[in-house]
Amino acid sequence: MQWTLVIPLKPLARAKSRLSDTANDGVRPGLALAFAQDTVAAALACPAVGDVAVVTDDALAGRELAALGARIVPDEPLGGLNAALAHAAAFVRSTRPESALAALNADLPALRPLELARVLDAAAAFPRAFLADAAAIGTTLLAAGEGEELRPAFGPDSRARHRASGAVELPLTAVDSVRQDVDTGDDLRAALALGVGPRTAAAAARLLIPGQ
């Protein structure tokens, strides 16, 4: 099964505010872009992924991610994360009605293509499935099989919300790179320990990060 991934990215100027303990206002937009670039590059290198659609209204991010091979979908609803994902999913399904879809976070800079393939292969067994984040509170990937609605419920406690929506939680091990999103300085240190992509590595090298 070949998947289409939908990756949401808010305007870079507003991205990653919880990283303020590690990166100042002048650095965070570039760091958020680096996260997204490494995430998209790894996703496109995954053998189970046929296409990546990034939903964003940020012009710089759109140009940089399109250069990597992603399709850019404007965030027309401007209604937040779940509205953006639903809009992008509808856009993808308008051209590929039976496509298998998965929403993937844009802040997975340590993402490994083969680990992502393992998650998607496991998700293919269910109509809807999700992977919890490293903190076991949120969600980093939500999958919907052919013809299934994505029905995203990201936000606070999204692990519980996706489970309550009927999506199956994937109890996988050894897929740490797909679970390790980055919201805080501690998250960034954990991602660096796993081994991040080249753009995040370069951006992080310009920061003073204890334990790096």
Side-chain angles (χ1 to χ4, degrees), residues 3-23 28-29 31-33 35-36 39-40 43 52-58 61 65 70 72-93 100-111 116 119-120 123 126-145 148-172 175-188 190-191:
W3 292 79
T4 295
L5 299 190
V6 178
I7 299 178
L9 181 63
K10 68 172 61 174
L12 297 176
R14 296 194 284 107
K16 297 299 151 195
S17 60
R18 291 172 59 193
L19 272 172
S20 59
D21 61 339
T22 302
R28 284 199 306 276
L31 202 55
L33 177 58
F35 295 165
T39 300
V40 167
V52 172
V54 176
V55 55
T56 187
D57 270 344
D58 191 285
L65 298 173
I72 306 303
V73 180
D75 182 7
E76 294 176 357
L78 295 175
L81 176 57
N82 292 311
L85 285 171
H87 167 67
F91 174 84
V92 169
R93 286 274 171 79
L101 288 171
L104 183 72
N105 288 10
D107 57 352
L108 298 168
L111 187 64
L116 176 59
V119 175
L120 292 172
F126 305 100
R128 290 173 66 246
F130 72 95
L131 187 74
D133 64 9
I137 297 172
T139 304
T140 58
L141 181 143
L142 173 68
E148 294 289 334
E149 293 295 324
L150 189 62
R151 293 165 53 199
F154 287 87
D157 300 318
S158 65
R159 179 188 185 190
R161 294 169 68 188
H162 282 132
R163 186 188 293 143
S165 77
V168 174
E169 181 170 358
L170 299 172
L172 299 176
V175 291
D176 293 349
S177 76
V178 195
R179 294 185 187 275
Q180 188 57 67
D181 54 354
V182 177
D183 288 318
T184 67
D186 286 343
D187 293 337
L188 179 54

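- Minimum heavy-atom separation, P156 to R161: O-CD, 3.3 Å.
- Annotation: salt bridge (charged side-chain N to carboxylate O under 4.0 Å, His left out) contacts involving residues 151-160, sequence neighbours excluded, comprise R159-E169.
- Taking 4.5 Å as the limit, some side-chain heavy atom of L111 sits within range of a side-chain heavy atom of V178.
- A pairwise comparison of heavy atoms in S158 and A153 identifies CB-O, 3.4 Å as the closest pair.
- Side chain of R179 to main chain of A136: no donor-acceptor pair is present (N/O by atom type, distance under 3.5 Å, no hydrogens or angles).
- Partners of D57 under the side chain to side chain donor-acceptor pair (under 3.5 Å) rule, at least two apart in sequence or in another chain, do not exist in this structure.
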Candidate pair L108 and L116, rule side chain to side chain contact (heavy atoms under 4.5 Å, CB included), full reasoning: CA-CA 11 Å; L108 298 168; L116 176 59; over 6 Å; no

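- Panel note: side chain T140, backbone N105; no donor-acceptor pair is recorded below 3.5 Å.
- Distance CG/L101 to CH2/W3: 8.0 Å, rounded to 0.5 Å.
- Between L33 and A61 the shortest heavy-atom distance is CD1-CA, 3.9 Å.
- With rounding to the nearest 0.5 angstrom, the CG atom of L31 is 9.0 Å from the OG1 atom of T22.
- Looking at heavy atoms from C-beta onward, F35 lies in side-chain contact with L188 at the 4.5 angstrom threshold.
- Heavy-atom minimum distance, A167 versus L142: CB-CD1, 4.3 Å.
- Closest approach of P109 and T39 over heavy atoms only: N-OG1, 3.9 Å.
- Nearest heavy-atom pair across L150 and A103 is CD2-CB, 4.0 Å.
- Each of D75, D107, V55, L65 was evaluated against L9; a single residue qualifies, L65, per the side chain to side chain contact (heavy atoms under 4.5 Å, CB included) test.
- Side-chain contact check for L104 versus V52: every heavy-atom pair is 4.5 Å or farther apart.
- Within the model, atoms CZ of R28 and CZ of R18 stand 12.5 Å from one another, a figure rounded to the nearest 0.5 Å.
- With T184 contributing its side chain and D187 its backbone, the two residues share a donor-acceptor pair below 3.5 Å.
- Between F154 and H162 the shortest side-chain heavy-atom distance falls below 4.5 Å.
- Counting only heavy atoms from C-beta outward, the side chains of D183 and K16 approach each other to under 4.5 Å.
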Would you please test F91 and V6 for side chain to side chain contact (heavy atoms under 4.5 Å, CB included) and show each step? CA-CA 10 Å; F91 174 84; V6 178; over 6 Å; no

